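Let me begin by presenting the structure, written as structure tokens, before commenting on it.
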Amino acid sequence: MSDKKFIYWWQKCLPSILVSVAVRAVVIICLTVGVLGILGSTASMSNAQPVSTIKGIQDKQTPLKSTALNATVYHSPDCNCCGGWIDHLKAQGFQITDFSTADIETVKQKYNVPDNLSSCHTAIVNGYVIEGHVPADDIKRLLREKPNVVGLSVPQMPVGTPGMEMGDRKDPFYVLSFDRKDSVAVFNKYPSY
């Protein structure tokens, strides 16, 4: 290959190669942080009990009367899936205040998110903590029922959850509630979303 061809190739292909490598690195980092959070936590899931199951609600919009649907979302500037989840909430009627922060762990600590329930973003909705890719209908149910919990979480980043869509693949996942005593319960379960 001549020097001119090599330089042309380098200028033409390098940006797309760098973007591809960067995207893969971000996905690997996000997945690693989620797995390490699950493995390294002290919060117990021994008392978890199923509450209910709702299938296929991604595009279904559940009305919620007399409660403002405002969410403040904190996420890493390097994570792309958070934007997909924010779009999901907006489509379900939520007004979003979006904060990109390089220190997302401090946000999780401030709002008492147990390590084993952490994911890539944290939101505050009417005083409740929403961690990860929680479907909007589960947040609306939380606001209707007003249980005595800190919030809800979808730990890690299951494929097929809002914001984590990857073709037809849909992993099963749980929406978990957690309280100030690190008690965890199943709020909802999805064999496939």
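It should be emphasised that the depicted structure is a prediction, and the values quoted were computed from it without experimental measurement.
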Exercise for the section: State, with a plain yes or no, whether a side-chain heavy atom of N112 is found less than 4.5 Å away from one of R180. Expected result: yes
Completion exercise
What one should report as the nearest heavy-atom pair of M166 and V159 is CB-CG1, 3.8 Å
Exercise for the section: Evaluate the side-chain proximity of L143 to V125: yes if any heavy-atom separation is below 4.5 Å, no if none is. Expected result: yes
Handout entry: Residues D168 and K170 bridged, charged N to O under 4.0 Å
Key = no
Problem - Distance-minimising heavy-atom pair for I139 and I130 - result: CD1-CG2, 3.8 Å
Problem - Output field: ring centroids H121/H133 closer than 6.0 Å - result: yes
Exercise for the section: Answer yes or no: is there a donor N or O on one side and an acceptor on the other, between the side chain of Q92 and the main chain of K90, under 3.5 Å? Expected result: no
Practice task
Give the minimum heavy-atom separation between P147 and Y128, together with the two atoms involved.
Solution key: O-OH, 2.9 Å
Problem - Non-hydrogen side-chain atoms of N70 and F94 separated by less than 4.5 Å - result: no
Problem - Spacing of CG belonging to L142 relative to CG belonging to D137, to within rounding of 0.5 Å - result: 12.5 Å
Exercise for the section: Can you see which heavy atom on C120 is nearest to which on C81, and at what distance? Expected result: SG-SG, 3.5 Å
Problem - Interatomic distance, N126 atom CG to L69 atom CG [nearest 0.5 angstrom] - result: 7.5 Å
Handout entry: Donor-acceptor pair between D115 and S118 side chains, under 3.5 angstrom
Key = no
Problem - Euclidean distance, N188 CG relative to S177 OG, rounded to 0.5 Å - result: 11.0 Å
Exercise for the section: First locate atom CD1 of I86, then atom OG1 of T97, and finally report the distance between them rounded to the nearest 0.5 Å. Expected result: 10.0 Å
Exercise for the section: Decide side-chain contact (heavy atoms from CB on, under 4.5 Å) for V113 and V129; before the verdict, give the C-alpha distance in whole Å, the side-chain angles of both, and the deciding distance to 0.1 Å. Expected result: CA-CA 8 Å; V113 176; V129 177; 3.7 Å; yes
Exercise for the section: Report the C-alpha distance between F178 and S183 in whole Å, list the side-chain angles of each, state the deciding distance to 0.1 Å, and finish with yes or no for side-chain contact (heavy atoms from CB on, under 4.5 Å). Expected result: CA-CA 6 Å; F178 60 99; S183 294; over 6 Å; no
Practice task
Classify the side-chain pair Y190/D138 by whether it contains a donor and acceptor separated by less than 3.5 Å.
Solution key: yes
Problem - Note, F173 side chain near T161 side chain (heavy atom, < 4.5 Å) - result: yes
Exercise for the section: Going by the side-chain contact (heavy atoms from CB on, under 4.5 Å) test, name the single residue among N116, V149, V184 that passes it with L176. Expected result: V184
Handout entry: Residues T122 and K108: side-chain donor-acceptor under 3.5 angstrom
Key = yes
Practice task
For residues D98 and H75, report the shortest heavy-atom separation together with the two atoms involved.
Solution key: OD1-NE2, 2.7 Å
Practice task
Taking the side chain as every heavy atom from C-beta outward, state whether W85 and V73 have any atom pair closer than 4.5 Å.
Solution key: yes
Handout entry: Main-chain N/O of F187 paired with R141 side-chain donor or acceptor, under 3.5 Å
Key = yes
Fill in the blank from the handout: Rounded to the nearest 0.5 Å, the CE atom of M164 sits from the CG atom of N80 at a distance of 10.5 Å
Practice task
Flag yes if more than 12 heavy atoms outside D103 fall under 6.0 Å of its CG atom; otherwise flag no.
Solution key: yes
Handout entry: Shortest non-hydrogen contact from V154 toward S119
Key = O-CB, 3.7 Å
